[in-house]
Amino acid sequence: MDFKILEEVKKKAIEEHIPIIMDDTLNVIKEYLENMKPEKILEIGTAVGYSASQLVKLSGEQVKIDTIELDEDRAKLAIENIKKIGLEDNINVIVGNAVEILPELKGPYDVIFIDANKGKYPFFLQEALRMSKKGTIIFADNVLYKGYVLGDYNKHKQRTAVRHLREYLAEIISNEKLDTQVSTVGDGLAISIVKS
Ligand code: SAH
Ligand code: MG
């Protein structure tokens, strides 16, 4: 495993405006994963494999990650990057729409990282809960969406995404099976621990 390549992957992604996970967000996730030694992780939204590779780095080499990416070119790049780093035994890239793929997966997963189209977060949560067990941590990135979610912003072309993100937050906060915190780090990170 050569994690030094991650710096190149990160640089290239930023140059190409691919919205990879921010350093601060990764640091918050790190605190949760540090003593956990997860064996199975599900990621929704691979992009070029940056966060998936970082998740292996934080979890240890026992981990197996299933990660879903809709865009074929990005998925191809992700598979290339993962090979270069030497993580092909740890990361399984599934090419396709998570809306169709998720119902085919079984779980349970120890960690689930939601980082794809915001309009589908409520559905992703439903599937994440189905594939969780006691102690599973469900992270969702970009839940505050540049502040739109907390403001009274609703006359924007992104209003559908905002509505679904609010729905996501309302559900994780009110669901009695979840212990939830929402961090303002990066673009907003929701952290929900499954209690039972
Ligand atoms: N997790 C990555 C960044 C993901 S960016 C990282 O931090 O490195 C969000 C990705 O989700 C994009 O590449 C986009 O193509 C993908 N995506 C959007 N909708 C999707 C869907 N319905 N199913 C699977 N992937 C999707
Ligand atoms: Mg993100």
Side-chain angles (χ1 to χ4, degrees), residues 3 5-30 32-33 38 41-59 63 65-85 87 90-105 109 111-128 131 137-149 158 160-162 164-165 168-169 182-192:
F3 287 114
I5 294 167
L6 270 176
E7 282 309 307
E8 284 166 44
V9 173
K10 177 183 174 184
K11 201 171 151 234
K12 218 169 151 216
I14 292 169
E15 275 168 17
E16 288 169 19
H17 305 286
I18 295 168
I20 55 166
I21 192 165
M22 295 168 92
D23 292 343
D24 292 348
T25 308
L26 209 50
N27 277 328
V28 173
I29 292 180
K30 184 181 174 187
Y32 285 86
L33 297 197
I41 297 182
L42 171 66
E43 177 182 72
I44 310 172
T46 318
V48 294
Y50 177 74
S51 54
S53 302
Q54 286 284 8
L55 288 172
V56 179
K57 196 177 168 195
L58 298 181
S59 304
V63 80
I65 304 185
D66 289 325
T67 179
I68 311 170
E69 176 54 50
L70 178 63
D71 183 289
E72 284 183 23
D73 294 332
R74 282 191 182 176
K76 240 190 207 168
L77 257 175
I79 291 166
E80 273 176 38
N81 287 333
I82 288 160
K83 275 222 179 93
K84 261 197 237 164
I85 303 171
L87 297 179
N90 300 95
I91 305 173
N92 170 35
V93 179
I94 305 169
V95 188
N97 189 339
V99 173
E100 285 151 26
I101 309 267
L102 287 170
E104 293 170 11
L105 300 179
Y109 291 95
V111 174
I112 299 174
F113 179 48
I114 302 173
D115 193 21
N117 54 328
K118 301 171 184 73
K120 287 288 174 225
Y121 272 35
F123 176 73
F124 296 156
L125 177 63
Q126 194 185 306
E127 285 297 290
M131 293 190 275
I137 308 182
I138 303 170
F139 294 101
D141 193 22
N142 309 97
V143 289
L144 299 180
Y145 199 10
K146 302 173 182 165
Y148 301 156
V149 171
Q158 266 90 35
T160 314
V162 168
H164 286 106
L165 289 172
Y168 182 91
L169 291 175
V182 180
S183 167
T184 56
V185 74
D187 197 25
L189 178 73
I191 305 140
S192 305

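Whatever order the structure lists them in is the order used to number ligands and atoms, beginning at 1. This structure is a prediction, so every number in the text was calculated from the model and none was measured.
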Should you measure from each heavy atom of [X], which atoms of ligand 1 turn up under 4.0 Å away?
| X | value |
| --- | --- |
| S51 | 1 (N), 2 (C), 6 (C), 7 (O), 8 (O) |
| I21 | 6 (C), 7 (O) |
| A98 | 21 (C), 22 (N), 23 (N), 24 (C) |
| G96 | 23 (N), 24 (C) |
| N97 | 21 (C), 22 (N), 23 (N) |
| P19 | 3 (C), 5 (S) |

side-chain hydrogen bond (donor to acceptor under 3.5 Å, both in side chains) between T67 and E43, intermediate numbers included: CA-CA 4 Å; T67 179; E43 177 182 72; 2.5 Å; yes
Identity and separation of the nearest protein heavy atom to atom 17 (N) of ligand 1: A116 CB, 3.8 Å
When distances are taken from atom 9 (C) of ligand 1, the protein heavy atom at minimum range is D115 O, 3.1 Å
Just go through I114, D141, N117 and tell me whose heavy atom is the nearest to atom 18 (C) of ligand 1. N117
Pick from R74, E69, K10, K118: the one approaching atom 15 (O) of ligand 1 most closely through a non-hydrogen atom: E69
Run the side-chain hydrogen bond (donor to acceptor under 3.5 Å, both in side chains) test on Y50 and N81 for me, step by step, so that the C-alpha distance in whole Å, both residues' side-chain angles and the decisive distance to 0.1 Å come before the verdict. CA-CA 8 Å; Y50 177 74; N81 287 333; over 6 Å; no
What orientation do F124 and Y121 show, parallel under 30°, tilted 30 to 60°, or perpendicular over 60°? tilted
Let me see the working for I41 and I112 under side-chain contact (heavy atoms from CB on, under 4.5 Å), right down to the final yes or no. CA-CA 6 Å; I41 297 182; I112 299 174; over 6 Å; no
Should we say atom CE of M22 is surrounded by more than 12 heavy atoms from elsewhere, each under 6.0 Å from it? no
Tell me whether E15 at atom CD has more than 12 heavy atoms from other residues, nucleotides or ligands lying less than 6.0 Å away. yes
Look at ligand 1 and say whether I44 reaches it with a heavy atom at a distance under 4.0 Å. no
Among I114, L105, V111, whose side chain to side chain contact (heavy atoms under 4.5 Å, CB included) with L42 holds? L105
For the residue pair N92 and I65, establish whether any side-chain heavy-atom pair is separated by less than 4.5 Å. no
So, regarding L70 and ligand 1 (criterion: nitrogen or oxygen to nitrogen or oxygen, under 3.5 Å), is there a contact or not? yes
Is V99 in polar range of ligand 1, meaning some N or O pair under 3.5 Å apart? no
Could you report the tightest heavy-atom contact between A47 and I18, atom names first, then the distance? CB-CG2, 3.8 Å
Passes side-chain contact (heavy atoms from CB on, under 4.5 Å), V95 versus E69? Steps please. CA-CA 5 Å; V95 188; E69 176 54 50; 5.9 Å; no
Which residues and atoms, protein N, O or S only, are under 2.8 Å from the Mg ion (ligand 2)? D115 OD1, D141 OD2, N142 OD1
Between K30 and D23, does at least one N-O distance fall below 4.0 Å, as a salt bridge requires? no
Of the side chain and backbone of I101, name the one, both, or neither that has a heavy atom under 4.0 Å from an atom of ligand 1. neither
Run D115 and I44 through side-chain contact (heavy atoms from CB on, under 4.5 Å) and show every step you take. CA-CA 6 Å; D115 193 21; I44 310 172; over 6 Å; no
Please report the C-alpha distance between S53 and I82 in whole Å, then the side-chain angles of each, then the deciding distance to 0.1 Å, and finally whether the side-chain contact (heavy atoms from CB on, under 4.5 Å) criterion is met. CA-CA 7 Å; S53 302; I82 288 160; 4.3 Å; yes
